[in-house]
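This report refers to the structure that appears directly beneath it.
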Number of protein chains: 2
Amino acid sequence: MDVPQRKQSATTASRVFDAMRHDLVNGRFAAGEKVAINGLKEQYKVGLSPLREALNRLAAYGLLVQENQRGFRVPRLDRRELDDVAGMRRELEGMALERAILNGDAEWESELLAAAHRLKRADLSPTKVDEWEQLHTRFHSTLVAPCGSVWLLRFIDQLHDQFDRYRRMAPGAPEVRKILDAQHGELVELALERDVKAARGLLEDHIDRSYQVAMGSCK
Amino acid sequence: MDVPQRKQSATTASRVFDAMRHDLVNGRFAAGEKVAINGLKEQYKVGLSPLREALNRLAAYGLLVQENQRGFRVPRLDRRELDDVAGMRRELEGMALERAILNGDAEWESELLAAAHRLKRADLSPTKVDEWEQLHTRFHSTLVAPCGSVWLLRFIDQLHDQFDRYRRMAPGAPEVRKILDAQHGELVELALERDVKAARGLLEDHIDRSYQVAMGSCK
DNA sequence: TGTTGTTATAAAATCGATTATTGTGCTTAG
DNA sequence: CTAAGCACAATAATCGATTTTATAACAACA
């Protein structure tokens, strides 16, 4: 079928925002480093104005810190901040999952199964980490999608980006990874069975284990 | 005593951000209206670059909607969005208050009493609405301040701004206002008594009544 | 030696002008 | 009378250059 939706043609600023968001979340910038605007200009092949607009958005989003008259810097990896982010993820994603299970329809069940399947198949190829990450994000976002609150989803996305900054910087932990991957499947099962309590409990445990891994990035 | 803290001298962009945030929250812009950048340039007496940077931040913050290639617009007042915002306020501020009561020290108790008192005294002069609003925001922010989570406080601020956009557009409701004002005092009492359950219940009721008032702005 | 003041340098912020895109009204073909 | 196409006007986005501000290096002085 046709796709008549008007394709929001991207501006330079929005492309830079997307690219930098991705790079920041995936640890392409050293934590705590001052952002060299002129360097970025070349790195992303753009002019100053769209670049600065992107940096301003990223700062408002929380992936950069803006200090008046002295530019932007990448936030440090701080143990207490990670605690905060992980704790908030537990609360908010737990809340969202409960609501999603109550609201989710048959279409959601299908998409959830699909997302879990794609994720399961993808993690066999260890070369394409980026692709796996994208599917992983997609899975978690699908899981809570029908929670009914736009703002809750917005906050969760934001926290997810923050959390992943830590996780991506941390050394890998294959044995834990195995457990985490298995939990994705179990989450789907519990969601389809509409077992609100158990699902929430498992998700919180899932986040907690990821948190243990992510802690490897700071101290 | 001296104040040796380096005073983050403001940039034009950050001043415009603050001013526009204030104006947007207080309904100085018609909901749904397209933002005329050239008009704002004159209104705030600034150049294009800092203005656009401020608009980008406001969009990332949620007080403006950015549509690529066709500028910025003030979000509409939508009943379902208000429901969402109010619901999230209940959840997040309730959560924050519980934690604040558990963590808050003697210093917090003093500040809370002070904030409540200032607010109570201020609402006698109905001319200076802006001043009252500021004290009101300050009170609610003091109430949850020691919750221990920077991110939770950040989300609450953001929701507060969204909520106030609706409340400030709604017609006044003097009788309800009276109840709401009384509740501020009661909240302090319950907080000092460390009655977590009751305080949370009252805060949720408080938000709910405000929500009833705010609904007057849309349908 | 440590402190303060001064200048040079680098970088951030801002301006004015240019380019690209969208929306509008008119024209014309069906 | 409707709809598609085309210019033109309006406005959003971007560029290149300038101004402002902070940082660093150095000198003079206590």
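The sequence lines fix the lettering, A, B, ..., with proteins before strands; numbering per chain opens at 1. Reckoned from all heavy atoms, side chains included, excluding hydrogens, waters and symmetry mates. If you're wondering where the values come from, they're calculated on a predicted model, not measured in any experiment.
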Check this one for me: any side-chain N or O of [X] less than 4.0 Å away from OP1 or OP2 of [N]?
X     : N      : answer
A:R70 : D:dT23 : yes
B:T12 : C:dA13 : no
B:R52 : D:dA13 : yes

Main-chain N/O of A:V213 paired with A:Y166 side-chain donor or acceptor, under 3.5 Å: no
field: Heavy-atom donor-acceptor pair, B:N26 side chain to B:D130 backbone, under 3.5 Å
entry: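 No, the answer is negative, given that no donor and acceptor are paired below the 3.5 Å cut-off.
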Could you check which of [options] has an atom nearest any side-chain atom of [X]?
X     : options                : value
A:T11 : D:dT14, C:dT14, C:dT21 : D:dT14
A:K34 : D:dA13, C:dC15, C:dA12 : C:dA12
A:F72 : C:dT22, D:dT14, C:dA13 : C:dA13

Intermediate values then yes/no, salt bridge (Lys or Arg N to Asp or Glu O under 4.0 Å), B:D83 and B:R79: CA-CA 6 Å; B:D83 291 352; B:R79 172 63 190 279; 3.3 Å; yes
query: Do the charged groups of B:R177 and B:D181 touch, with an N to O distance under 4.0 Å?
result: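 The answer is yes: the pair qualifies as a salt bridge.
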Distance check needed: [N] [atom2] versus [X] [atom1], whole Å only.
X     : N      : atom1 : atom2 : result
A:K41 : C:dA12 : NZ    : C1'   : 12 Å
A:N56 : C:dT14 : CG    : P     : 10 Å
B:K45 : C:dT14 : NZ    : P     : 18 Å
A:I37 : D:dG16 : CD1   : P     : 16 Å
B:L48 : D:dT18 : CG    : C1'   : 16 Å
A:N68 : C:dA13 : CG    : C1'   : 10 Å
A:L55 : D:dT14 : CG    : P     : 13 Å
A:N38 : C:dA12 : CG    : C1'   : 9 Å

- request: Evaluate the ring planes of B:F155 and A:F155, with Trp represented by its six-membered ring, and classify them as parallel (under 30°), tilted (30 to 60°) or perpendicular (over 60°).
  value: parallel
query: Which is true for A:A36 with a 4.0 Å heavy-atom rule: it touches a base, it touches only sugar-phosphate, or it touches nothing?
result: nothing
- request: Using heavy atoms to find the nearest nucleotide of DNA chain D for B:S49 and B:V35 separately, return the residue whose nucleotide is more 5′.
  value: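 Final value for this comparison: B:V35.
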